[in-house]
Amino acid sequence: MTLYEYEVRMLACQLKRLDQEFNAHMQAWTSRKIKTTKGKKQEPYYKDFKKFFDYEKKEKEILGMSLIDEKIDDTAVDLLRKANN
């Protein structure tokens, strides 16, 4: 097995664990075991599933895509292009 194949398998293992974690959270959410409330009105602490478990955020962390949503400085890119020419 090459190093590349090993890295791909490790990535697949991490994503599989993320799916298992998602399934566990979804089961807890749907069975209404999350009964944490706040305030005197007894409203649920988590109003939607995404606040309870942010799948996309964790997936980006695993895939190393956390910088995608950040704005890239154009001047820095121009400087890198000039340096590489």
Within-4.5 Å side-chain heavy-atom neighbours: Phe53 and Met26:
no
When rounded to the nearest 0.5 Å, the distance separating CG of Asp19 from NZ of Lys58 is 12.5 Å
Got a second to check how far Phe22's CZ is from Phe49's CZ, nearest 0.5 Å?
4.5 Å
Rounded at 0.5 Å granularity, tell me how far OH in Tyr6 sits from CG in Leu11.
12.0 Å
CE/Met10 to CD/Gln14 distance, rounded to the nearest 0.5 angstrom?
6.0 Å
Closest non-hydrogen atom pair, Thr2 against Glu5
N-OE1, 3.0 Å
Considering only heavy atoms from C-beta outward, does the side chain of Tyr55 approach that of His25 to under 4.5 Å?
no
